Structure formats: structure tokens, C-alpha cells
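Following: one structure in C-alpha cells, then a few remarks.
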Number of protein chains: 2
Amino acid sequence: METAALRELKERFARSFMDVLALRLLEREGTWGYRLASRIEETYGVRVGPSVIYPLLRDLEERGLVEGREERIGGRRRRIYEVTERGREFLEEYRELLRRQLDSSDLIP
Amino acid sequence: METAALRELKERFARSFMDVLALRLLEREGTWGYRLASRIEETYGVRVGPSVIYPLLRDLEERGLVEGREERIGGRRRRIYEVTERGREFLEEYRELLRRQLDSSDLIP
DNA sequence: CCGAATATATCGGATTTCCGATATATTGTA
DNA sequence: TACAATATATCGGAAATCCGATATATTCGG
């Protein structure tokens with residue numbers, strides 16, 4: 001079972017670090033906005049509408065963390081995003097921060 | 001050296017999870033608001049004024065995660081906060097969430 | 001052929017968060 | 001004895017965030 005506290009923590013993570021969450025999913029497999037939004041919904045149980053996912057992906061691209069390429073399947077266009085080297089470095093810094101929280105070394109000034 | 005990206009991530013953590021950060025510091029050593037605020041400033045480099053720390057501590061107490069007791073040193077009152085059992089359970093859930101992020105098991109629906 | 005689903009994109013009002021300003025009292029120090 | 005520092009506490013305007021509504025175009029299934 002999932003406690004209410006855990007539920008709230010996950011929701012807060014998804015909201016505050018949606019960019020990191022998106023990046024982590026894209027690291028596993030490059031994909032397009034619509035599909036990415038569904039995956040975030042599945043894994044973190046939060047609603048991710050178009051007004052959230054598209055500005056987010058644009059922001060990630062402006063920060064150089066992902067790279068999008070236009071693709072056409074039939075007449076339908078899709079913008080596939082892949083994590084850049086810079087994006088992988090960013091994720092490594094994020095993970096280092098988590099590790100430092102787990103071993104409490106982040107609390108030493 | 002600390003990159004700008006890491007700086008921003010730490011700041012975001014401090015803002016979004018100030019309650020967790022406060023709880024983690026209190027877990028190491030129970031203390032009062034004014035001192036706790038200074039410690040958060042030292043470790044995470046963010047400004048924590050009285051309008052931030054006192055409502056936060058009250059909230060933590062309402063959630064049953066900390067317990068405060070009035071203390072008097074001379075005529076000056078201090079409210080010392082200690083983490084409760086429930087608070088320690090909450091921290092364990094938080095840490096489990098971090099671990100699941102590190103081994104990516106949180107991305108499996 | 002029509003409605004649902006896929007896919008991308010933006011806007012702006014509502015809500016929420018944030019934090020500076022303010023208040024009060026005590027202690028320590030120059 | 002006056003000022004800085006310690007200590008707690010609240011309020012409300014400003015700033016930021018959030019997300020529903022809307023728009024457009026294509027594909028797929030009944």
C-alpha cells in the first residue's frame with residue numbers, strides 16, 4: 001500500500017522536478033511530447049496536459065538538455081526528443097545531490 | 001566548483017522540500033526555529049527568514065512530524081523541536097523515494 | 001463520413017506561493 | 001544606556017505558477 005504521505009511526496013516531486021522526471025524518461029528512450037506526458041501520468045499519477053508538456057520540452061531544449069527532431073509518420077508530424085550529453089551531465093549532478101542527501105553529506109556546510 | 005545547474009537544483013530542493021530539509025536537520029539535533037533557519041541557510045545557501053521558518057515549524061507540528069517544547073533560558077523563551085516517531089517514518093519514506101529514483105525503479109508503472 | 005484519439009501549441013485568469021515589512025521582548029555588548 | 005543580536009510571530013501585496021480552455025491538423029475505427 002501507498003501511504004498518503006508518500007503519495008504527496010511523489011506528487012510534489014513530479015511538480016517541482018517535472019523537468020528532471022521528463023529527462024530521466026527520455027534518457028531511457030527518446031520519444032515525443034504526447035507520449036512522454038502519458039508516461040509521466042502512468043509513473044507518477046499526475047495529470048500532464050498539453051499546456052504543461054510542450055512548454056516544458058521547449059524549456060529543456062533551450063537549456064540544451066534535450067534535442068528535438070521533426071519526424072513525419074504519414075502526414076502526421078511528431079517531434080522526437082533525445083537527451084543530449086549536457087542533459088546526461090545534468091542528470092548525473094541531480095543524482096549526486098540525491099546520494100548526498102542519502103548519506104547526509106549535504107548537511108555539512 | 002559548484003556548477004550553476006547544481007546551484008539551481010539545490011535551491012529548488014530547499015524551496016520545494018524545505019519541510020524535509022528542516023526535518024533532516026532536526027533528526028540530527030533538536031533545536032529552535034531561529035537556529036534551524038541559520039543552519040538551512042548555511043547548508044543550502046538560501047535565505048530563510050522568520051516568515052518562512054515559523055509557519056513551517058507550526059505546519060510540521062500539525063502534521064505530527066515534530067514536537068515542540070517551550071524552554072526558558074533566563075527570561076528568553078525558546079521553542080525546541082524534536083522529530084517524532086512519525087517524523088522518522090516520514091523521512092524513511094522520503095529516502096525510499098530517493099533510492100527508487102537512483103535505481104530507476106520509480107519509472108516502472 | 002464522422003467522432004474519438006493522436007499530436008502540437010498558446011493564452012491568460014485563477015490560485016498559490018513567497019517573502020518583505022512589521023511587531024514585540026529579551027539579552028549581550030560597546 | 002543605547003544598539004545589535006537573538007527569538008518568535010503574523011499579515012498581505014507582489015510574483016510566480018498552474019492548468020483549463022481553446023485552436024489546429026491528422027489518423028483510425030466503426
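In the text below, chain A, chain B and the rest are named by the order of the sequence lines, each starting its count at 1. These numbers were taken from a predicted model, which means no experiment stands behind them. Just so it is clear, the values below take in all heavy atoms, side chains as well, and ignore hydrogens, waters and symmetry mates.
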Who are the side chain to side chain contact (heavy atoms under 4.5 Å, CB included) partners of E93(A), not counting sequence neighbours?
T3(B), A5(B), L6(B)

Could you run through nucleotides 4-19 of chain D and give me one letter per nucleotide, 5' to 3': B if any protein heavy atom sits under 4.0 Å from the base, S if only the sugar-phosphate is that close, - if neither?
-BBBBBBB-------B

My understanding is that only residues two or more places apart in sequence, or in another chain, count here; which of them pass side chain to side chain contact (heavy atoms under 4.5 Å, CB included) with S51(B)?
none

According to side chain to side chain contact (heavy atoms under 4.5 Å, CB included), who are the partners of V48(B), at least two apart in sequence or on a separate chain?
M18(B), A37(B), I40(B), E41(B), V46(B), V52(B), I53(B)

For residues 54-64 of chain B, which side-chain N or O atoms pair as donor and acceptor with protein atoms under 3.5 Å away, sequence neighbours left out?
| from | atom 1 | to | atom 2 | distance (Å) |
| --- | --- | --- | --- | --- |
| D59(B) | OD2 | R63(B) | NH1 | 3.1 |
| E61(B) | OE1 | R79(B) | NH2 | 3.1 |
| E61(B) | OE2 | G68(B) | N | 2.8 |
| E61(B) | OE2 | R79(B) | NH2 | 3.2 |
| R63(B) | NH1 | D19(B) | OD2 | 3.1 |
| R63(B) | NH2 | D19(B) | OD2 | 3.3 |

Output all residues satisfying side chain to side chain contact (heavy atoms under 4.5 Å, CB included) with S38(A), sequence neighbours left out; order by chain, then residue number.
E42(A)

